[in-house]
Amino acid sequence: MKKRIAILGSTGSIGTQALEVVRENPDRFEVEVLTAYNNVELLSTQAKEFHPNTVVIANESKYDELCAALGDLPVKIYAGNEAVSQIVEMDTIDIVLTAMVGYSGLLPTINAIKSGKTIALANKETLVVAGEIIQKLALQHKVSIYPVDSEHSAIFQCLVGEGQNAIEKIILTASGGPFRGKNLDFLKSATKENALKHPNWDMGAKITIDSATMMNKGLEAIEARWLFGLNPNQIEVVVHPQSIVHSAVQFQDGSMKAQMGLPDMKLPILYALGFPDRIKTNFPRFSFWDYPELTFEKPDLKSFKNLALAFDAMDKCGNMPCILNAANEIAVEAFLKDKIGFCEMTDVIEQSMQKIAYIKHPELDDLIKTDKETREFSKIIINKK
Ligand code: MN
């Protein structure tokens with residue numbers, strides 16, 4: 001039986017690589033649904049190649065353009081965020097790959113869990129914003145969430161076969177991004193062009209900026225907390241510039257398992273979609289002879305304050321990670337539009353965390369409200385700059 005997949009965010013970096021994985025394994029996977037935010041041209045090209053049952057464009061103003069591009073192809077076409085959220089309920093879907101950017105992943109993921117779909121989670125912001133709610137729902141609906149994020153896939157792979165063996169701690173590795181080793185003075189004048197040049201991973205703009213500020217590792221720590229049921233003090237970040245050790249788990253006997261490989265997102269995508277099978281590939285293999293030195297450093301929390309803010313938000317819990325995430329999304333967007341400088345992103349997040357009302361035990365509605373309020377507040381700070 002082929003696994004039938006819905007790819008939310010099919011035109012992004014993870015989405016397009018997931019489709020490569022499907023193309024290389026036509027006997028295993030079948031595309032049932034594709035959704036995109038804006039990119040009609042690529043979405044229609046994908047639909048013509050993979051023949052999904054349904055496509056959805058989130059931006060409603062692009063509906064007519066999409067219909068015209070798909071011509072008489074036998075495919076159902078919908079538009080709007082509501083449609084993206086609802087389409088995951090289709091009973092012909094086995095796995096939902098959540099690969100959209102940011103907060104937009106939250107409601108579709110909740111709906112997919114409620115309708116019992118296996119989740120391949122590439123949208124870390126969903127767990128950052130509402131990890132506790134998502135984990136409760138997944139338990140209640142007996143749904144598995146397989147991580148696609150490379151670090152979390154590494155940890156997940158280390159845990160296979162460990163049954164109930166308790167985790168002592170996990171070690172999340174971080175490349176350090178393009179500004180590793182730079183001090184605050186340098187970072188104050190860091191440009192968008194340089195921030196977008198990631199040394200090891202080829203990713204979308206939002207996550208690449210998050211890597212440059214190291215916010216990405218902070219979001220991943222919160223993501224890991226919920227995925228693996230950890231306390232914040234069980235999560236350690238280690239900078240590993242070569243991105244070969246993708247993360248590690250230390251068990252109660254002191255033994256540590258790590259997962260290694262070349263940095264290629266197709267590997268964790270394939271593992272999440274194919275689990276529990278390892279599927280044969282022709283990807284380039286890692287060789288120790290190409291990497292005579294693998295190095296490890298402590299993260300610099302004084303220069304990369306976003307990472308410290310994320311750990312702070314994780315400690316405070318409640319709606320604080322939601323505030324952190326919303327402020328960060330607005331700050332990154334403003335940085336990409338040249339409205340604020342690199343270090344001013346930190347100011348926006350820090351001020352939001354101080355000003356937005358803290359809620360210790362938020363319901364989903366509280367988080368939706370917190371997200372909206374934080375975005376409005378962040379935009380006001382940015383406009384004053
Ligand atoms: Mn990652």
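No experiment lies behind these values; they were computed from the predicted model shown. One-based numbering, in listed order, for ligands and for the atoms of each. Throughout, residue positions are numbered sequentially from 1 according to the sequence presented.
Remark: Asp347 engages Lys385 in a salt bridge, criterion side-chain N to carboxylate O under 4.0 Å.
Take the N/O/S atoms of Asp149: the one nearest the Mn ion (ligand 1) is OD1. The Mn ion (ligand 1) sits nearest to atom OE2 when only the N, O or S atoms of Glu220 are considered. The Mn ion (ligand 1) lies closest to atom OE1 when only the N/O/S atoms of Glu151 are considered.
Ring planes of Phe156 and Tyr271: perpendicular class, angle over 60° (limits at 30 and 60°).
Cation-pi geometry between Lys182 and Phe179 is not met: the NZ or CZ atom fails to fall both under 6.0 Å from the ring centre and inside 45° of the normal.
Glu168 and Gln252 are not linked by any side-chain donor-acceptor pair at a separation below 3.5 angstrom, with hydrogens and angles left out of the test.
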